[in-house]
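Chain A is the first sequence line, chain B the second, and so forth, proteins listed ahead of strands; every chain is numbered from 1. Remember, predicted model here, so these are calculated numbers, not experimental data. Atom set for the values below is all heavy atoms of this structure, side chains included, hydrogens, waters and symmetry mates excluded.
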Number of protein chains: 2
Amino acid sequence: METLTRNQQIVLDIINKSSEPLKAYTILSNVQKKGIKAPPQVYRALDKLIEMGKIHKIESKNAFVACQNSSCNVSKATAFSICESCEEVTEISNSKISKYLSNFAEKAGMEYKKYNLEFFGLCKKCK
Amino acid sequence: METLTRNQQIVLDIINKSSEPLKAYTILSNVQKKGIKAPPQVYRALDKLIEMGKIHKIESKNAFVACQNSSCNVSKATAFSICESCEEVTEISNSKISKYLSNFAEKAGMEYKKYNLEFFGLCKKCK
DNA sequence: TTACATAATGTTATTTTATAACAATAAACT
DNA sequence: AGTTTATTGTTATAAAATAACATTATGTAA
């Protein structure tokens with residue numbers, strides 16, 4: 001179990017507290033009172049947290065969310081559903097999807113390391 | 001069958017000719033001799049071409065590729081495999097994946113409109 | 001055809017997202 | 001303690017995308 005550095009912990013705390021994906025510069029403005037002053041400090045922390053699987057990047061939004069799946073301490077397969085109305089992002093932790101896709105990748109002749117899947121539509125509330 | 005405007009056609013031609021995903025500013029520098037001078041012109045063409053399903057955006061790379069799947073004239077479900085060594089990007093047009101994932105989304109209670117899936121790993125050549 | 005609406009374009013400036021480069025500290029190792 | 005390695009702080013800049021608005025082209029209906 002890796003221990004976090006000060007900056008990593010500060011950034012992770014903000015993301016954990018948030019109910020929605022946060023952008024890097026939003027994070028920055030929220031941690032400036034804690035002494036993190038410049039973008040590279042935020043991006044470096046984000047990079048490490050992603051490596052550790054503590055957070056994920058929502059590529060279509062350039063935003064970052066806490067991993068909601070306690071078992072994924074290495075980020076190798078991520079899936080999200082994204083509501084186009086309320087912007088809610090939910091991590092899908094479905095072992096069937098994961099198995100299905102890993103299997104598919106192998107059959108396709110690819111030495112697969114990870115995947116990212118993003119669903120777009122309307123969530124239960126919004127539809 | 002929609003007809004393309006001049007700018008859309010110019011941008012599509014460049015992307016079609018390329019064997020790899022192109023970034024917006026790479027496209028721009030390649031079409032300046034044809035009279036497209038500024039980023040908004042490129043981005044507007046890209047947006048329309050995506051709407052039409054002629055091209056797709058590789059979110060993890062901020063790059064654009066021609067649709068390799070002649071049947072997808074509306075871009076609602078895309079899947080790619082991306083080689084982390086040679087950067088080759090291949091569109092996966094597998095109706096099974098598509099069916100499986102659509103099905104999954106529906107069961108999850110989401111009114112699903114589209115998805116984007118990106119696999120990362122090593123392609124056949126590189127592994 | 002002419003008038004009106006709609007869409008596409010051209011252009012400048014700016015915003016947003018991300019990284020390069022390098023000096024300064026701190027942590028881990030032998 | 002001295003050396004290596006990782007992390008931090010900082011400034012500047014690069015890369016990606018959009019806002020805003022004036023202009024031109026295209027479609028449509030009287």
Side-chain angles (χ1 to χ4, degrees), chain A residues 1-15 18 20-52 54-65 75 82 84 87 89 116 118 120, chain B residues 1-15 18 20-65 75 80 82 84 87 89 116 118 120:
Chain A
M1 184 67 172
E2 258 178 293
T3 76
L4 301 179
T5 67
R6 180 179 156 73
N7 286 0
Q8 287 160 12
Q9 190 64 60
I10 292 171
V11 169
L12 180 58
D13 286 347
I14 293 282
I15 295 173
S18 172
E20 54 182 15
L22 293 179
K23 304 209 155 214
Y25 277 71
T26 305
I27 294 169
L28 176 58
S29 70
N30 276 292
V31 298
Q32 282 183 322
K33 47 195 148 195
K34 303 215 170 167
I36 295 180
K37 287 173 193 158
Q41 295 173 291
V42 172
Y43 280 103
R44 284 193 289 233
L46 290 171
D47 288 346
K48 292 289 178 184
L49 292 168
I50 288 169
E51 267 179 37
M52 294 176 202
K54 303 274 186 195
I55 64 171
H56 304 299
K57 180 174 184 182
I58 310 296
E59 292 286 355
S60 61
K61 290 181 165 305
N62 297 320
F64 303 84
V65 288
S75 105
I82 301 167
E84 288 177 322
E87 304 280 306
V89 173
N116 180 55
E118 299 181 9
F120 303 88
Chain B
M1 185 64 174
E2 258 179 294
T3 75
L4 301 178
T5 66
R6 181 180 153 73
N7 286 1
Q8 287 161 13
Q9 189 63 60
I10 292 170
V11 169
L12 180 57
D13 286 347
I14 292 284
I15 295 174
S18 172
E20 56 182 15
L22 293 178
K23 306 209 155 213
Y25 277 71
T26 306
I27 293 169
L28 176 57
S29 71
N30 276 291
V31 297
Q32 283 185 320
K33 48 195 146 193
K34 303 213 171 169
I36 295 180
K37 287 173 192 158
Q41 296 174 291
V42 172
Y43 281 103
R44 286 194 287 233
L46 290 172
D47 287 346
K48 292 289 178 184
L49 292 168
I50 288 170
E51 267 179 37
M52 295 177 202
K54 303 273 185 196
I55 63 170
H56 304 300
K57 180 174 183 182
I58 309 296
E59 292 286 356
S60 62
K61 291 182 165 303
N62 297 321
F64 303 85
V65 288
S75 104
F80 302 93
I82 301 166
E84 287 176 322
E87 303 283 304
V89 172
N116 180 54
E118 298 180 7
F120 303 88

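For Arg44(A), the side-chain contact (heavy atoms from CB on, under 4.5 Å) partners at least two apart in sequence or on another chain are Pro40(A), Gln41(A). Phe80(B) is linked by a ring-ring contact (aromatic ring centres under 6.0 Å, His included) to His56(B), counting only residues two or more places apart in sequence or in another chain. Among residues two or more places apart in sequence or in another chain, the salt bridge (Lys or Arg N to Asp or Glu O under 4.0 Å) test is passed with Glu20(A) by none. In terms of the salt bridge (Lys or Arg N to Asp or Glu O under 4.0 Å) criterion, Lys48(A) has no residue partners (sequence neighbours excluded).
Here the nucleotide nearest the side chain of Asn62(B), chosen from dA20(D), dT8(D), dA16(D), is dA16(D).
Note on Thr5(B): every side-chain N or O is 4.0 Å or more away from OP1 and OP2 of dA7(C). Distances shown here put a side-chain N or O of Lys23(B) below 4.0 Å from the OP1 or OP2 atom of dA16(D).
When the P atom of dA25(D) is taken as reference, atom CZ of Arg44(B) falls 15 Å away, rounded to whole Å. Distance Glu51(A) CD to dA6(D) C1': 12 Å, rounded to the nearest Å. Rounded to whole Å, atom C1' of dA17(D) lies 10 Å from atom CG of Asp47(B). Summarising the geometry, the separation between CG on Leu49(A) and C1' on dT7(D) is reported as 13 Å, rounded to the nearest angstrom. dG10(C) atom P lies 12 Å from atom CG of Leu28(B), rounded to whole Å. Computed from coordinates, the Asn7(B) CG to dA25(D) P distance equals 13 Å when rounded to whole Å. Here dA15(D) presents its C1' atom at 16 Å from CD of Glu59(B), a figure rounded to the nearest Å. Here the C1' atom of nucleotide dA17(D) and the CD1 atom of Ile27(B) are 13 Å apart, to the nearest Å.
Taking five base pairs at each end of the helix from dT1(C)-dA30(D) to dT30(C)-dA1(D) and finding the rotation axis that steps the C1' atoms of four pairs onto the next four gives two axes whose angle is 40°, to the nearest 10°.
When heavy atoms are screened at a 4.0 angstrom cut-off, Lys61(A) is found touching no nucleic acid atom at all.
In this structure, CG in Asn62(B) is found 13.0 Å from CG in Leu22(B), a value given to the nearest 0.5 Å.
Two residues are said to be in side-chain contact when any heavy atoms from C-beta on lie closer than 4.5 Å; Ile14(B) and Thr26(B) fail this criterion.
Exactly one of Asn30(A), Ile10(A), Leu28(A), Asn7(A) qualifies for a side-chain contact (heavy atoms from CB on, under 4.5 Å) with Val42(A). That residue is Leu28(A). Looking at Glu84(A), Glu87(A), Glu118(A) one by one, the single match for salt bridge (Lys or Arg N to Asp or Glu O under 4.0 Å) with Lys61(A) turns out to be Glu87(A).
Nearest-nucleotide positions on DNA chain C place Arg6(B) closer to the 5' end than the other of Arg6(B) and Tyr25(B). Across the interface with DNA chain D, nearest-nucleotide mapping of Lys48(A) and Ala24(B) shows Lys48(A) to be the residue nearer the 5′ end.
For the pair Lys57(B) (side chain) and Asp47(B) (backbone), a donor-acceptor distance under 3.5 Å is absent.
Scanning residues 31-43 of chain A for heavy-atom distances under 4.0 Å to DNA chain C yields Pro39(A), Pro40(A), Tyr43(A).
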